[in-house]
Amino acid sequence: MPELPEVETTLNGITPLLTGKTIKAINIYQKQLRWPIPSTIKKKLTGTKVQHCRRRAKYLILETTGGSLIIHLGMSGSLHIIKSSIPAQKHDHFEMVLTNNQCLRLRDPRRFGAVLWGGNSPESHKLLKDLGPEPLDKDLPADHLYVVTRKRKRNIRDTLLDGHLIAGVGNIYANEALFLAGIRPTREAGSLSKPACRRLLVAIQQVLTAAIKAGGTTLKDFQSPTGNPGYFKQSLQVYGRELGACTSCGQPIKAKMVGSRRCFYCTKCQR
DNA sequence: AGGCCCTCCTGTAAGC
DNA sequence: TGCTTACAGGAGGGCC
């Protein structure tokens with residue numbers, strides 16, 4: 001999926017085209033996503049105006065004058081702004097038609113995504129209320145990772161993927177940040193020192209910031225809502241670079257299954 | 001509470 | 001060429 005930078009890129013793409021616009025219609029072509037799309041959103045959203053678009057973790061929140069819509073892109077979801085006269089394609093499941101005849105369309109081949117009703121307080125939605133802090137929050141304490149990893153037995157890579165501890169970090173950026181911080185993904189989270197945890201948080205912030213700047217990472221088919229790929233792939237140091245040379249020491253990058261997902265790291269630079 | 005496993009679905013690419 | 005299998009960027013829910 002789209003991880004935090006890809007969701008942020010998506011947000012940046014849709015915000016100027018949605019904000020202030022009136023919703024003429026909602027069309028649901030396939031309601032069976034991760035959870036069923038509530039059919040009540042048609043009535044709740046039609047005729048309302050989009051006031052504000054924002055992101056929380058990997059969720060997009062569209063606030064309208066009638067309540068909020070929560071969108072998650074799952075593993076393969078993408079949003080597109082196109083003319084409503086363009087016919088929906090095979091994996092287009094949901095669309096929001098505006099009175100200017102532009103429309104926001106959700107495409108999601110694997111259907112792990114979600115479109116949910118957030119009402120007047122989306123933050124208190126079951127899926128959002130227990131999320132950890134935003135990694136790019138300027139007020140996030142430098143020792144946050146140290147605090148939340150104490151007594152954690154599982155490996156640090158899987159720990160970073162837990163959105164309840166820190167929000168929005170997926171497998172790609174977890175691997176990249178661990179490389180930048182010089183920490184092996186298999187390390188037990190609770191064994192990391194305070195300086196290592198600080199280094200790791202800074203690395204997460206650096207890699208996410210750089211990826212957002214590049215428009216996200218296109219591994220296969222990620223596109224911004226206006227159709228541009230993300231250019232961060234060329235900046236990846238370890239992810240997907242099995243047997244490639246470590247950019248720091250030249251050693252071949254190792255790939256290994258950790259938990260249920262692959263990790264990539266340098267056996268020399270990451271300890 | 002934490003950790004592990006299963007699950008949802010389809011496309012793609014590798015392997016035989 | 002064609003079939004089978006493994007894997008992919010997520011993450012909630014159930015269970016121990």
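Values below: every heavy atom of this structure, side chains too, minus hydrogens, waters and symmetry copies. Residue numbering restarts at 1 for every chain, and letters A, B, ... go by the order of the sequence lines.
- A close approach under 4.0 Å does occur between a side-chain nitrogen or oxygen of His72(A) and OP1 or OP2 of dA11(C).
- A cation-pi arrangement is absent between Arg55(A) and Tyr59(A), since the terminal nitrogen or guanidinium carbon is not both under 6.0 Å from the aromatic centre and inside a 45° cone about the axis.
- Side chains of Glu63(A) and Ser68(A): a donor-acceptor N/O pair is absent below 3.5 angstrom, by distance only.
- Note that CD1 of Ile23(A) is 7.0 Å distant from CG of Leu98(A), once rounded to the nearest 0.5 Å.
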Would you tabulate the pairs of protein nitrogen or oxygen atoms and nucleotide nitrogen or oxygen atoms of nucleotides 13-16 of chain C closer than 3.5 angstrom?
{"unit_1": "dG13(C)", "atom_1": "OP1", "unit_2": "Lys126(A)", "atom_2": "NZ", "d": "3.1"}

Open item on the list: Apply salt bridge (charged side-chain N to carboxylate O under 4.0 Å, His left out) to residues Arg54(A) and Glu123(A) and explain how you reach the verdict.
Closed with: CA-CA 12 Å; Arg54(A) 58 198 172 88; Glu123(A) 307 292 349; 2.4 Å; yes

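- With rounding to the nearest 0.5 angstrom, the CG atom of Leu145(A) is 5.0 Å from the CD1 atom of Ile166(A).
- His164(A) comes within contact range of the sugar-phosphate backbone alone, with a heavy-atom separation under 4.0 Å but no base atom that close.
- We find that CZ of Phe222(A) is positioned 13 Å from P of dG10(C), with the value rounded to whole Å.
- Put simply, the residue from Lys254(A), Arg184(A), Gln251(A) that forms a side chain to side chain donor-acceptor pair (under 3.5 Å) with Thr267(A) is Gln251(A).
- When DNA chain B is scanned in the 5' to 3' direction for atoms under 4.0 Å from non-hydrogen atoms of chain A, the outermost contacting nucleotides are dG2(B) to dT12(B).
- Using a cut-off of 4.0 Å between Lys/Arg side-chain N and Asp/Glu carboxylate O, Arg241(A) and Glu176(A) are scored as not salt-bridged.
- DNA chain C lies under 4.0 Å from no heavy atom of any residue of residues 229-237 of chain A.
- Using modelled atom types and a 3.5 Å distance limit, the side chains of Asn171(A) and Arg157(A) yield a donor-acceptor pair.
- For the pair Tyr173(A) and dG10(C), the criterion of a side-chain N or O lying under 4.0 Å from OP1 or OP2 is not met.
- Atom SG of Cys103(A) is separated from atom CZ of Phe94(A) by 9.5 Å, given to the nearest 0.5 angstrom.
- To the nearest 0.5 Å, the span separating CZ on Arg110(A) from CZ on Arg34(A) amounts to 11.5 Å.
- When all heavy atoms are compared, the tightest approach of Leu208(A) to Pro135(A) is CD1-CG, 3.6 Å.
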Task: Dot-bracket encoding per residue of DNA chain C, Watson-Crick/G-U cut-off under 3.5 Å, | denoting interstrand - done: .|||||||.|||||||

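- Taking the charged nitrogens against the carboxylate oxygens, Glu6(A) and Lys58(A) have no contact shorter than 4.0 Å, which rules out a salt bridge.
- If you take CD1 of Ile70(A) and C1' of dA11(C), they are 15 Å apart, rounded to a whole angstrom.
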Would you list the protein and nucleotides 4-7 of chain C atom pairs, both N or O, that sit under 3.5 Å from each other?
none

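- With rounding to whole Å, Arg157(A) atom CZ is found 10 Å from dG10(C) atom P.
- One interatomic measurement links the two molecules: CG of Leu131(A) to C1' of dG10(C), which rounds to 13 Å at whole-angstrom precision.
- For the salt bridge (charged side-chain N to carboxylate O under 4.0 Å, His left out) test with Glu95(A), the passing option among Lys83(A), Arg107(A), Lys42(A), Arg105(A) is Arg105(A); the others fail.
- Asp108(A) and Ser76(A) are linked by a side-chain donor-acceptor pair at a separation below 3.5 angstrom, with hydrogens and angles left out of the test.
- The interatomic distance linking Asn175(A) (CG) with dG10(C) (P) rounds to 11 Å, in whole Å.
- As a whole-Å value, the separation of Leu165(A) CG from dG12(C) P is 12 Å.
- The residue Arg261(A) sits close to a base: some heavy atom pair falls under 4.0 Å.
- Residues Asn101(A) and Lys24(A) bring a donor and an acceptor atom of their side chains to less than 3.5 Å of each other.
- A distance of 9.0 Å separates CD1 in Ile71(A) from CD1 in Ile37(A), rounded to the nearest 0.5 Å.
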Open item on the list: With side chain to side chain contact (heavy atoms under 4.5 Å, CB included) as the criterion, how do Leu200(A) and Leu180(A) come out once you've worked through the C-alpha distance, each side chain's angles and the decisive distance to 0.1 Å?
Closed with: CA-CA 8 Å; Leu200(A) 182 54; Leu180(A) 279 188; over 6 Å; no

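- Within residues 104-116 of chain A, the residues having any heavy atom under 4.0 Å from DNA chain B are, by residue number, Pro109(A), Arg110(A), Arg111(A), Phe112(A).
- Atom CG of Asp162(A) is separated from atom P of dG10(C) by 13 Å (rounded to the nearest Å).
- With hydrogens and angles left out, the side-chain atoms of Tyr173(A) and Thr217(A) include a donor and acceptor closer than 3.5 Å.
- Atom-to-atom distance recorded for Leu160(A):CG and Ile183(A):CD1 is 8.5 Å, nearest 0.5 angstrom.
- If you measure from atom NZ of Lys58(A) to atom P of dG10(C), you get 4 Å, rounded to the nearest angstrom.
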